[in-house]
Amino acid sequence: LTLIWPDWGKLATGPIPKSNFISSYEQRRAEKEWPNLRWTPVPLAEIPKHLVRAVLVAEDSRFYEHSGLDLIAIKDAWDYNLERGQLVFGASTISQQTAKNLFLNPSRNPVRKWHEIFLTLGLERNLRKQRILEIYLNTAEFGRGIYGVQAASQAYWGIPVSRLSVTQAAELAATLPGPVKNNPAARSNFFVRHTKKILSLMGS
């Protein structure tokens with residue numbers, strides 16, 4: 001953890017950094033014969049408010065209320081999973097997902113989860129919520145090799161993110177839980193249902 005501890009001052013301002021997940025994709029792309037990387041960071045000011053709202057509704061409705069870990073969501077997820085006897089869903093906040101994407105790698109192990117928690121607390125302590133959100137929206141995966149909302153908007157609709165409609169915004173938000181299988185191109189049953197749910201929560 002000491003080796004990967006970031007320079008928070010540098011991260012708090014300036015260009016959006018390339019995440020470890022993006023770098024990992026670039027390294028694995030040739031051997032896996034995956035598509036070229038698509039990644040074009042944009043300032044938060046260029047991202048429509050209805051897209052920000054759709055992502056918050058879908059991923060972390062208490063983003064502005066918690067300090068990185070949503071204890072209410074963790075308890076709800078624990079109760080839900082315990083009731084069904086299986087791991088149905090977790091309760092990672094946008095801050096946790098941002099820390100994971102930026103500093104860690106796709107491998108899963110218990111130690112990585114602890115690293116994610118400590119890095120999340122560091123992220124929340126040193127960065128403004130708006131900056132965390134800006135980094136997340138520019139580094140989240142939206143399909144194979146598609147990272148960030150600008151690249152996703154161009155890949156699926158051929159338009160800049162600033163021109164997304166409310167429905168398109170909901171579709172991008174619905175992509176986040178499983179971007180390779182559930183996205184505007186694949187249009188899986190889960191994706192369609194999830195999009196409708198997000199639109200309903202947005203009052204659209």
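Quick caveat, the model's predicted, so the values are computed rather than measured.
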Derivation of the side-chain contact (heavy atoms from CB on, under 4.5 Å) call for Val55 and Ile94 = CA-CA 9 Å; Val55 169; Ile94 282 175; 4.2 Å; yes
Distance-only criterion, 3.5 Å: show the donor-acceptor pairs between side-chain atoms of residues 32-43 and protein atoms not counting sequence neighbours.
from, atom 1, to, atom 2, distance (Å)
Asn36, OD1, Arg29, NH1, 3.0
Trp39, NE1, Asn138, O, 2.7

List the atom pairs, donor and acceptor, that lie under 3.5 Å between side-chain atoms in residues 174-187 and the rest of the protein, sequence neighbours left out.
from, atom 1, to, atom 2, distance (Å)
Thr175, OG1, Glu171, O, 2.8
Asn182, OD1, Ser188, OG, 2.4
Asn183, OD1, Ala185, N, 2.9
Asn183, OD1, Ala186, N, 2.7
Asn183, ND2, Pro179, O, 2.9
Asn183, ND2, Val180, O, 3.3
Arg187, NH1, Glu171, OE2, 3.3
Arg187, NH2, Glu171, OE2, 3.0

Validation: residues 3-11 side-chain donor-acceptor distances under 3.5 Å, sequence neighbours left out:
from, atom 1, to, atom 2, distance (Å)
Asp7, OD1, Gly9, N, 3.2
Asp7, OD1, Lys10, N, 3.2

In residues 149-162, what donor-acceptor pairs under 3.5 Å come from side-chain atoms, sequence neighbours left out?
from, atom 1, to, atom 2, distance (Å)
Gln150, OE1, Val161, N, 2.8
Ser153, OG, Val149, O, 2.8
Tyr156, OH, Phe142, O, 2.5

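Residues Leu164 and Leu56 fall within the same hydrophobic cluster, defined by Ile, Leu, Val, Met, Phe, Trp and Tyr side chains chained together at heavy-atom separations under 4.5 Å. The cluster map of Ile, Leu, Val, Met, Phe, Trp and Tyr, joined by side-chain heavy atoms under 4.5 Å apart, puts Val166 and Leu51 in different clusters. One hydrophobic cluster, built from ILVMFWY side chains closer than 4.5 Å, cannot hold both Leu201 and Tyr64; they sit in different ones. Under a hydrophobic clustering in which Ile, Leu, Val, Met, Phe, Trp and Tyr are joined whenever their side-chain heavy atoms come within less than 4.5 Å, directly or via other members, Val192 and Leu199 fall into different clusters.
In this structure the side chain of Ile135 never reaches within 4.5 angstrom of the side chain of Asn101, judged on heavy atoms. Inter-residue side-chain proximity for Val52 and Phe63 is flagged as unmet; no heavy-atom pair is nearer than 4.5 Å.
Taking CG of Leu119 as the reference point, atom OG of Ser95 lies at 12.0 Å (rounded to 0.5 Å). Leu123 contributes atom CG, which lies 13.5 Å from atom NZ of Lys100 (distance to the nearest 0.5 angstrom). Rounding to the nearest 0.5 Å gives a distance of 12.5 Å between CD1 of Ile132 and CD of Gln97. Here the CG-CD1 distance, from Leu172 to Ile198, works out to 9.5 Å after rounding to the nearest 0.5 Å. The line from OG1 of Thr139 to CD of Glu141 is 11.0 Å long, rounded to the nearest 0.5 Å. Atom-to-atom distance recorded for Tyr25:OH and Arg144:CZ is 6.5 Å, nearest 0.5 angstrom.
Taking both residues in full, the closest heavy atoms of Met202 and Val57 are given as CG-CG2, 4.3 Å, listed atom of the first, atom of the second, then distance. Heavy-atom minimum distance, Asn126 versus Gly122: ND2-O, 2.7 Å. Counting all heavy atoms, side chain and backbone alike, Thr120 lies closest to Gly68 at CG2-O, 3.6 Å. When all heavy atoms are compared, the tightest approach of Phe21 to Asn105 is CE1-C, 3.5 Å.
Qualifying ring-ring contact (aromatic ring centres under 6.0 Å, His included) partners for Phe118, counting only residues two or more places apart in sequence or in other chains: none.
Listed by first and then second residue, the salt bridge (charged side-chain N to carboxylate O under 4.0 Å, His left out) pairs involving residues 114-133 are Lys113-Glu116, Glu124-Lys129, Arg131-Glu134 (not counting sequence neighbours).
Of the possible donor and acceptor atoms, one in the side chain of Thr195 sits under 3.5 Å from a partner among the backbone N and O of Phe191. At least one donor-acceptor pair closer than 3.5 Å links the side chain of Gln96 to the backbone N or O of Thr93.
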